[in-house]
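Let me begin by presenting the structure, written as structure tokens, before commenting on it.
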Amino acid sequence: MADNLQRSDTETNVIRDELIAGLTAPRATTSPKYLYDALGSKLFEAICELPEYYPTRTEAAIFERHGAEIASSVGAGATLIDLGAGNCAKAARLFPSLAPSQYVPIDISADFLKAAVAQLERQFPDIRMLALGMDFSSTLDLPPAVSDARRLFFYPGSSIGNFHPGEALAFLRRLRQADGDLLIGVDLVKDRAVLDAAYDDALGVTASFNLNLLHHLNRLLGADFNLREWKHRGFFNPELSRIEMHLEARRDLTVRWNGGVRRFGEGERIHTENSYKYTPDSFAGLLQEAGFHLAQRWTDERGWFMVCHARR
Ligand code: AVI
């Protein structure tokens with residue numbers, strides 16, 4: 001969703017229609033993908049540095065500590081397909097141990113990937129690299145240039161948690177059908193206070209990340225959201241085993257956009273993101289339902305995060 005993307009008129013209309021349908025629903029909602037404009041992506045990077053946001057550093061510690069076992073479970077020489085690669089840093093750390101024959105980073109903007117890949121090609125001349133710009137959350141059409149020798153999908157960071165469990169299952173099935181094994185990071189259920197703090201940090205970075213969505217909507221829709229009239233809510237919902245992020249109106253207000261209007265009462269919310277938290281068993285069940293066999297899983301000492309290697 002970076003702002004510099006060139007979009008066709010049809011794409012622009014699809015985005016507009018999707019956003020307006022969500023904003024005018026009785027319980028207003030927007031897809032979490034709209035959190036990631038250029039500033040939103042930078043704010044997410046800042047979130048990963050926060051003391052309260054444990055997932056990034058806990059996952060990195062698992063890869064660090066169990067790197068050799070992970071490499072021997074996965075095996076060398078695979079085609080490593082990095083889903084949501086960003087700056088490719090997480091996968092690049094695994095190159096020395098996994099020794100992939102081909103590296104295929106996929107992200108919504110190929111332009112963003114190109115600089116990172118150019119640098120990596122100089123560092124790892126033996127690995128063939130192919131950067132792909134696509135929204136892999138809905139379809140996964142891999143071009144013939146992606147070797148089908150032995151595919152390993154890499155999906156770290158517990159991004160799987162941002163899918164509704166039904167969508168997560170459909171997504172995992174698509175990976176399975178694309179003939180890939182899977183190395184995936186999953187955030188686990190834990191003490192509620194830890195979860196609440198991770199999504200409502202003292203510095204207010206997650207609040208800024210959430211509120212910045214309104215800037216993005218203003219640009220995409222020509223809307224007049226006033227950020228000062230909204231507050232961030234981020235909390236764990238134990239019944240649904242998920243973090244929910246919302247934006248809550250501070251008073252009765254009206255929002256207008258080109259061709260539309262919506263009134264919000266004080267306290268009314270726009271639901272902006274879910275982040276599902278699994279137990280080791282509930283996630284193993286999801287993998288199994290998608291047709292994968294869990295080969296091995298690794299967690300940190302506190303049992304906060306899990307990395308799974310699953311085979312077709
Ligand atoms: C990208 N995703 C895994 C993050 C998460 O933890 O669900 C997004 C995020 N939202 C608020 N903080 C981080």
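These numbers were taken from a predicted model, which means no experiment stands behind them. Atoms within each ligand, like the ligands themselves, are counted from 1 in listed order.
Looking at ligand 1, you won't find any N or O of Ser159 less than 3.5 Å from one of its N or O atoms. For ligand 1, the polar-atom distance check against Asn162 finds a nitrogen or oxygen pair separated by under 3.5 Å. On a distance-only criterion, Lys277 and ligand 1 share no N/O pair closer than 3.5 Å.
Each of the following atoms of ligand 1 lies closer than 4.0 Å to a heavy atom of Tyr36: 1 (C), 8 (C). Every atom of ligand 1 with a heavy atom of Gly157 under 4.0 Å away is listed here by number and element: 3 (C). Listed by number with element, the atoms of ligand 1 under 4.0 Å from a non-hydrogen atom of Phe209 are 10 (N), 11 (C). Each of the following atoms of ligand 1 lies closer than 4.0 Å to a heavy atom of Ser158: 3 (C). Within the listing of ligand 1, atoms 5 (C), 6 (O), 7 (O) sit less than 4.0 angstrom from a heavy atom of Ser275.
Here the protein heavy atom with the shortest distance to atom 4 (C) of ligand 1 is Tyr53 OH, 3.4 Å. Closest protein heavy atom to atom 9 (C) of ligand 1: Glu273 OE1, 3.7 Å.
Using a 4.5 Å cut-off on side-chain heavy atoms (C-beta onward), Ile184 and Phe292 make no contact. Two residues are said to be in side-chain contact when any heavy atoms from C-beta on lie closer than 4.5 Å; Cys88 and Pro105 meet this criterion.
Between the side chains of Asp300 and Thr58, no donor N or O sits under 3.5 Å from an acceptor N or O.
Cation-pi check for Arg151 over Phe153 is not met; the charged atom does not lie both under 6.0 angstrom from the ring centroid and within 45 degrees of its normal.
With Phe235 as reference, His246 is the one residue of His246, Arg242, Met245 to meet the side-chain contact (heavy atoms from CB on, under 4.5 Å) rule.
Ring-centre distance between Phe171 and Tyr155: below the 6.0 Å cut-off.
For the pair Ile160 and Gly185, the tightest heavy-atom approach, listed with the atom from each and the gap, is CG2-O, 4.2 Å.
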